[in-house]
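Read the structure below first, then the notes.
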Amino acid sequence: MALISARSYAQPEPFSRALGLAYESLVNFDPSFDAKKAWLALSERVSQGIYMGDGLLLPHTRIAGLKEPLMSFAVCPQGFTGIKTCGEEIAQFMCLLLSPLEAATAHTQTIASMAKLLLDAEWKARALQAQSDSDVKALF
């Protein structure tokens, strides 16, 4: 998995804006895939629900021809707005994941790795205390 970008938001951030910025970072990193087709697939997945619990939003999709999983991660201690969660929980983390269509195992392993990090109370606390994008990136 390649962590392409990491962001720290000090104030509540609209989910749609954060998702757009995260997606743009992945497209700019690897322009080899069809950005429009991938965005449509991602939008479909988002419409099905992406809240995983423990404050994590996990928009993800698999893309034909992608060489390796690409990830953009964001932390927003005050919460991403404009997105539904279970039980009025606050979504404080967003992991945008694009994975190769041909590598289901890589996709599943990346999601499992992210879940494992968020179950680590110490890691989660450090992430919520991050003051800058570089602080967030250093967590990985």
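Along the sequence shown, residues carry numbers from 1.
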Interatomic distance, [X] atom [atom1] to [Y] atom [atom2] [nearest 0.5 angstrom]:
X: Lys84; Y: Phe15; atom1: NZ; atom2: CZ; value: 14.5 Å
X: Lys124; Y: Asp120; atom1: NZ; atom2: CG; value: 10.5 Å
X: Ser132; Y: Arg7; atom1: OG; atom2: CZ; value: 12.0 Å
X: Arg17; Y: Thr81; atom1: CZ; atom2: OG1; value: 11.0 Å
X: Ser16; Y: Leu21; atom1: OG; atom2: CG; value: 9.5 Å
X: Leu139; Y: Lys137; atom1: CG; atom2: NZ; value: 12.0 Å

Does [Y] offer a backbone N or O that forms a donor-acceptor pair with the side chain of [X] under 3.5 Å?
X: Gln131; Y: Gln129; answer: yes
X: Gln92; Y: Pro77; answer: yes
X: Asp54; Y: Leu118; answer: no
X: Gln78; Y: Ala10; answer: yes
X: Arg62; Y: Leu66; answer: no

Could you tell me if the side chain of [Y] sits less than 4.5 Å from the side chain of [X], heavy atoms only?
X: Asn28; Y: Glu24; answer: yes
X: Leu97; Y: Thr110; answer: yes
X: Trp39; Y: Val27; answer: no

request  = Quick one: sort the His60 and His107 rings into parallel, tilted or perpendicular, breaks at 30° and 60°.
outcome  =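 Rings of His60 and His107: tilted, as their planes differ by 30° to 60°.
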task = May I ask you to decide if the ring planes of Trp123 and Phe93 are parallel, tilted or perpendicular, using 30° and 60° as cut-offs?
result =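 Correct class here is tilted.
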task = Applying side chain to side chain contact (heavy atoms under 4.5 Å, CB included) between Ile50 and each of Leu57, Leu56, Leu19, report the one that passes.
result =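 Of the listed residues Leu57, Leu56, Leu19, the side chain to side chain contact (heavy atoms under 4.5 Å, CB included) partner of Ile50 is Leu57.
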request  = Step through the shown structure and confirm whether more than 12 heavy atoms of other residues, nucleotides or ligands are within 6.0 Å of CD on Glu88.
outcome  =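 No.
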message = Between Phe29 and Leu70, does the side-chain contact (heavy atoms from CB on, under 4.5 Å) criterion hold? Intermediate values first, please.
response = CA-CA 9 Å; Phe29 177 79; Leu70 304 175; 3.9 Å; yes
inquiry  = Tell me the closest heavy-atom pair linking Asp135 and Ala130, and the distance in Å.
reply    =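 Scanning both residues, the minimum pair turns out to be CB-CB, 3.8 Å.
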Residues Tyr51 and Glu89: side-chain donor-acceptor under 3.5 angstrom =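 Yes, side-chain donor-acceptor contact under 3.5 Å.
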